[in-house]
Amino acid sequence: MTTPTAAALIARSNRLGADPENTNYAGGNTSAKGTDTDPVTGQPVELLWVKGSGGDLGTLTEQGLAVLRLDRLRALRNVYPGVEREDEMVAAFDYCLHGKGGAAPSIDTAMHGLVDAAHVDHLHPDSGIAIATAADGEALTAEIFGGRVAWVPWRRPGFQLGLDIARIKAENPDAVGCILGGHGITAWGDTSDEAEANSRWIIETAAAHIAAHGSATPFGGVRAGFEALPPVERRERAAALAGTIRGIASTDKPMVGHFTDADAVLDFLASEKAPALAALGTSCPDHFLRTKVKPLILDLPATATVQEQIARLHELHADYRADYQAYYDAHADAASPAIRGADPLIVLVPGVGMFSYGANKQTARVAGEFYVNAINVMRGAEALSTYTPISDAEKFRIEYWALEEAKLQRMPNPRSHQGRIAFVTGAASGIGKAIATRLAAEGACVVVADLDLDKARAAAAELGGTDVAIGVAANVADADAVQAALDDAVLAFGGVDLVVNNAGLSLSKPLLETTEKDWDLQHDVMAKGSFLVSKAAARILIDQKLGGDIVYISSKNSVFAGPNNIAYSATKADQAHQVRLLAVELGEHGVRVNGINPDGVVRGSGIFASGWGANRAATYGVAEEDLGQFYANRTILKREVVPENVADAVYVLTGPDLSRTTGLHIPVDSGVAAAFLR
């Protein structure tokens, strides 16, 4: 049962976390102190409810709170071994927990428990961090807030910082909060509403002061040629660069991407100060843990050609990796975790926008959001003073902190297709939808491509939010439409790894009734359509240099001569040979090309529902509702084939277990001897 204290804390946290002006995703933490009944003694006990490790304020629930006994937490002062061993105190929090369940206590738990206030908020607002990272932040704090907000010099989060803030609060009885140098803000109050009001007052007062007294051009003038390209041209350039940039970001391990051309990003990249400020890196720990210490920024104008930009990006990437290795070598010691990769997580292209990367789409998107926060911080600091982030040595202490490493090691093992981006045609129904569903369940980001945009979006929505799947329109018989659909894919997720040519239709007619129009339609959608999709996707796969998979959903009819389907079977044979041809041609790029030959997939099939089923049933002299069983009865296994069986084959072909297989066709037909491959 949720206590009133916890309920009020959750409501306050959700309000604060819902507003990006207050804090960023999963940034900051909040707490409340109160009493509850000890189930052992039956007596009241003082408790601390605090947001646990890894949670998000905007979506916080009771399960995201850690609950600790306040007397035991405060008693840790008596055994604190000093700042050199303060990391040991995190394990000690476990001995202060009250009850079962809840979240693991975060590193900031000491701050909340030791500060003598009933309610405490620790947040990372852009305006507050702007003051915290200004060269004269301490003087600005006094000027802006008077004695109501104290200054706390930079210290890494931990037990000692909690002691520092507790002492400073005691020494400044009129203060309602503090600015944490290089980091963020902390505010407190006797009631939950008072703490929230104080947090908002600090944030709004800082923002108002920057607006009223800051420079109108904090980033300097505009660099000629670095201004934003027109929207359509910007999008085309971003799509043309996306594969190369994703390959750069994925040199050490595959990454999913996110693209934004928000005004804040474009204005920053056009400015005179952008190169120097970007090189300084971010300051707030929440920022650089997600964005790396600094981004890779292209130093060519937007007027450069795509080829010039690609060549320069590769040069800059080599420099970036060498620089990051030097950063690691300069600060690592024998106890440091191994280097986690030297590729950038943020790539900035003037005139175009920002590409951000992570192990999954949400992480990539949030990394981009955090760098926008960093731009806002730099703007505020430069408007009033000089942006001065914490040192690289301090950044390294946090980035390669043993506690941060332990948190990473606790993360669950990735699913088989995590980090992979799948583009599935004809995926709003039937076999395509089953494939999209299976790949999403295995961790892939999925682009549901279909002739019907509304149905594509509806199918994608069933798989989850836009961090999991998107729906795009794709007339596979139109080269421009195919390119537009793949542009949507790379701008949504950074690139493409896995392409499934599934879009199709079928006309069941004997030779003399098959018209030229029938023949052209059948071949345009499946033979030409598969060719166009594979060609456009291959450019991306080659640019990425990450290998990949192309899968053709062909048919048993590609090798079996069935009655009354000359156009359909001929085009399936065309698809089957495309598999062999492309397997040979794309193999040097690490791209595997394989096919699947289903048969008798009646249930859930869009093709069978659109008239093909009735025609085939008439051809074989059975009722349409019995067609699935008819197909099953003529097989060796006597089992009906359903869309999920085909999806299983795609999963196996594109997973880790057949990494040396290309040019293969897998029958998924319950065994049709006449269609055995020879």
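In this text the structure is predicted, and so the values were computed from the model without any measurement. Residue numbers start at 1 and run along the sequence shown.
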Visitor: When you check the gap from the basic side-chain N to the acidic O, do K556 and D669 get nearer than 4.0 Å?
Guide: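 Salt bridge: no.
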Visitor: What side-chain donor-acceptor pairs closer than 3.5 Å can you find for residues 451-459, not counting sequence neighbours?
Guide:
from: D452; atom 1: OD1; to: D454; atom 2: N; distance (Å): 3.1
from: D452; atom 1: OD1; to: K455; atom 2: N; distance (Å): 3.1

Visitor: Is the number of heavy atoms from other residues, nucleotides or ligands within 6.0 Å of CD (Q325) greater than 12?
Guide: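 Counting neighbours around CD of Q325, more than 12 heavy atoms of other residues, nucleotides or ligands fall under 6.0 Å, so yes.
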Visitor: Mind checking what makes salt bridge (charged side-chain N to carboxylate O under 4.0 Å, His left out) contact with D518, not counting sequence neighbours?
Guide: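 So D518 forms a salt bridge (charged side-chain N to carboxylate O under 4.0 Å, His left out) with K509.
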Visitor: So, K361 side chain and A492 main chain: donor-acceptor pair closer than 3.5 Å or not?
Guide: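 Between the backbone of A492 and the side chain of K361 there is a qualifying donor-acceptor contact (under 3.5 Å).
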Visitor: Give a yes or no answer on whether the side chain of N594 reaches the backbone of V551 with a donor-acceptor pair at less than 3.5 Å.
Guide: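 Side chain of N594 to backbone of V551: no pair is present.
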Visitor: I'd like to know if the side chain of T425 and the backbone of A503 have a donor-acceptor N/O pair within less than 3.5 Å.
Guide: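 The answer is yes, because a donor-acceptor pair under 3.5 Å joins these two groups.
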Visitor: Determine whether H665 and I596 satisfy the following criterion, side chain to side chain contact (heavy atoms under 4.5 Å, CB included), listing intermediate values before the conclusion.
Guide: CA-CA 5 Å; H665 280 275; I596 296 171; over 6 Å; no
Visitor: Does this structure show an ion pair linking D549 with R420, if we count only N-O contacts that are shorter than 4.0 Å?
Guide: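 Salt bridge between D549 and R420, a charged N being under 4.0 Å from a carboxylate O: yes.
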Visitor: Hey, is the main chain of S356 close enough, under 3.5 Å, to the side chain of H258 for a donor-acceptor pair?
Guide: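 Between the backbone of S356 and the side chain of H258 there is no qualifying donor-acceptor contact (under 3.5 Å).
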Visitor: Using atom types as modelled and distance alone, determine if a side-chain donor or acceptor of D343 lies under 3.5 Å from a backbone N or O of T251.
Guide: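 Yes: the side chain of D343 pairs with the backbone of T251.
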Visitor: Quick one, I297 with L316, criterion side chain to side chain contact (heavy atoms under 4.5 Å, CB included). Give me CA distance, side-chain angles, the key distance, then yes/no.
Guide: CA-CA 8 Å; I297 179 169; L316 291 171; over 6 Å; no
Visitor: Any non-hydrogen side-chain atom of L532 less than 4.5 Å from a side-chain atom of K535?
Guide: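 With C-beta onward as the side chain, the pair stays apart.
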Visitor: Does this structure show an ion pair linking R321 with D252, if we count only N-O contacts that are shorter than 4.0 Å?
Guide: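 Here R321 pairs with D252 in a salt bridge, since their nearest N and O are under 4.0 Å apart.
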Visitor: Just by modelled atom types, is the I421 backbone N or O under 3.5 Å from a matching donor or acceptor in the D497 side chain?
Guide: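 Looks like yes, one N/O pair under 3.5 Å.
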Visitor: Begin from the C-alpha positions of Y651 and H417 and carry the test ring pair (Phe, Tyr, Trp, His ring centres under 6.0 Å) through to its verdict.
Guide: CA-CA 9 Å; Y651 159 71; H417 286 60; 5.6 Å; yes
Visitor: Please determine, by modelled atom types, if S530 and Q575 share a side-chain donor-acceptor pair under 3.5 angstrom.
Guide: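 Yes, a side-chain donor-acceptor pair sits under 3.5 Å.
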Visitor: Regarding R634 and the six-membered ring of Y620, is the cationic atom NZ or CZ under 6.0 Å from the ring centre and inside 45° of its axis?
Guide: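 Yes; both conditions hold, so R634 lies above the ring face of Y620.
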Visitor: May I ask you to decide whether K433 forms a salt bridge with E462, counting only side-chain N to carboxylate O separations under 4.0 Å?
Guide: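 Between E462 and K433 there is a salt bridge, with a charged N closer than 4.0 Å to a carboxylate O.
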Visitor: Strictly distance-based, threshold 3.5 Å: is any side-chain N or O of N633 a donor or acceptor partner for the main-chain N or O of Q629?
Guide: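 The answer is yes, because a donor-acceptor pair under 3.5 Å joins these two groups.
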Visitor: Under a 3.5 Å distance rule, please check whether Q522 uses its side chain to pair with a backbone N or O of L505 as donor and acceptor.
Guide: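 Answer holds: yes.
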Visitor: So do the side chains of T260 and F355 get within less than 4.5 Å of each other, counting heavy atoms only?
Guide: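 No, every pair of side-chain atoms sits at 4.5 Å or beyond.
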Visitor: Return all side-chain donor-acceptor pairs below 3.5 angstrom for residues 655-662, not counting sequence neighbours, or 'none' if the list is empty.
Guide:
from: T662; atom 1: OG1; to: V593; atom 2: N; distance (Å): 2.9
from: T662; atom 1: OG1; to: V593; atom 2: O; distance (Å): 3.4

Visitor: Are a donor atom and an acceptor atom from the side chains of Y552 and S534 found within less than 3.5 Å of each other?
Guide: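 A donor-acceptor contact under 3.5 Å links the two side chains.
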Visitor: Start with the C-alpha distance between Y320 and K292, add both sets of side-chain angles, then the distance that settles side chain to side chain contact (heavy atoms under 4.5 Å, CB included), and finish with yes or no.
Guide: CA-CA 12 Å; Y320 186 98; K292 254 194 171 75; 3.6 Å; yes
Visitor: So that I can tick it off, tell me whether R438 and E442 are bridged by a salt bridge, with the cut-off set at under 4.0 angstrom between side-chain N and carboxylate O.
Guide: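 Counted as a salt bridge, because a side-chain N and a carboxylate O are separated by less than 4.0 Å.
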Visitor: Is a side-chain donor or acceptor of Q309 paired with a backbone partner of L241 at a separation under 3.5 angstrom?
Guide: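 Judged by distance alone, no pair lies under 3.5 Å.
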Visitor: Within a radius of less than 6.0 Å around CD of E516, do more than 12 heavy atoms belonging to other residues, nucleotides or ligands occur?
Guide: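 No, because the 6.0 Å sphere around CD of E516 holds 12 heavy atoms or fewer from other groups.
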Visitor: Do D574 and T571 meet the criterion of a side-chain donor-acceptor pair at a distance under 3.5 Å?
Guide: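 Judged by distance alone, the side chains do not pair up.
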Visitor: Taking only distance into account, with no hydrogens and no angle test, what donor-acceptor pairs under 3.5 Å do side-chain atoms of residues 636-645 form with protein atoms, sequence neighbours excluded?
Guide:
from: K638; atom 1: NZ; to: T635; atom 2: O; distance (Å): 2.8
from: N645; atom 1: OD1; to: V642; atom 2: N; distance (Å): 2.9

Visitor: Sequence neighbours left out, what passes ring-ring contact (aromatic ring centres under 6.0 Å, His included) with H523? Give chain and number order.
Guide: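 H523 satisfies ring-ring contact (aromatic ring centres under 6.0 Å, His included) with W519 only.
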Visitor: Check K294 with D323, please: is the shortest side-chain N to carboxylate O separation under 4.0 Å?
Guide: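 Yes, charged N to carboxylate O under 4.0 Å.
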Visitor: Apply the test side chain to side chain contact (heavy atoms under 4.5 Å, CB included) to residues R246 and L546: give CA-CA distance (whole Å), side-chain angles for both, the deciding distance (0.1 Å), then the verdict.
Guide: CA-CA 9 Å; R246 182 178 179 228; L546 299 173; 4.1 Å; yes
Visitor: Could you go through residues 472-481 and list every donor-acceptor pair under 3.5 Å that involves a side-chain atom there, pairing it with any protein atom two or more places apart or in another chain?
Guide:
from: N475; atom 1: OD1; to: A477; atom 2: N; distance (Å): 3.2
from: D478; atom 1: OD1; to: D480; atom 2: N; distance (Å): 2.9
from: D478; atom 1: OD1; to: A481; atom 2: N; distance (Å): 2.9

Visitor: Picking from V500, V533, V490, what satisfies side-chain contact (heavy atoms from CB on, under 4.5 Å) with F423?
Guide: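 Only match with F423 under side-chain contact (heavy atoms from CB on, under 4.5 Å): V533.
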Visitor: Without swapping roles, check the side chain of E308 against the backbone of T305 for a donor-acceptor pair under 3.5 Å.
Guide: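 A pair under 3.5 Å: yes.
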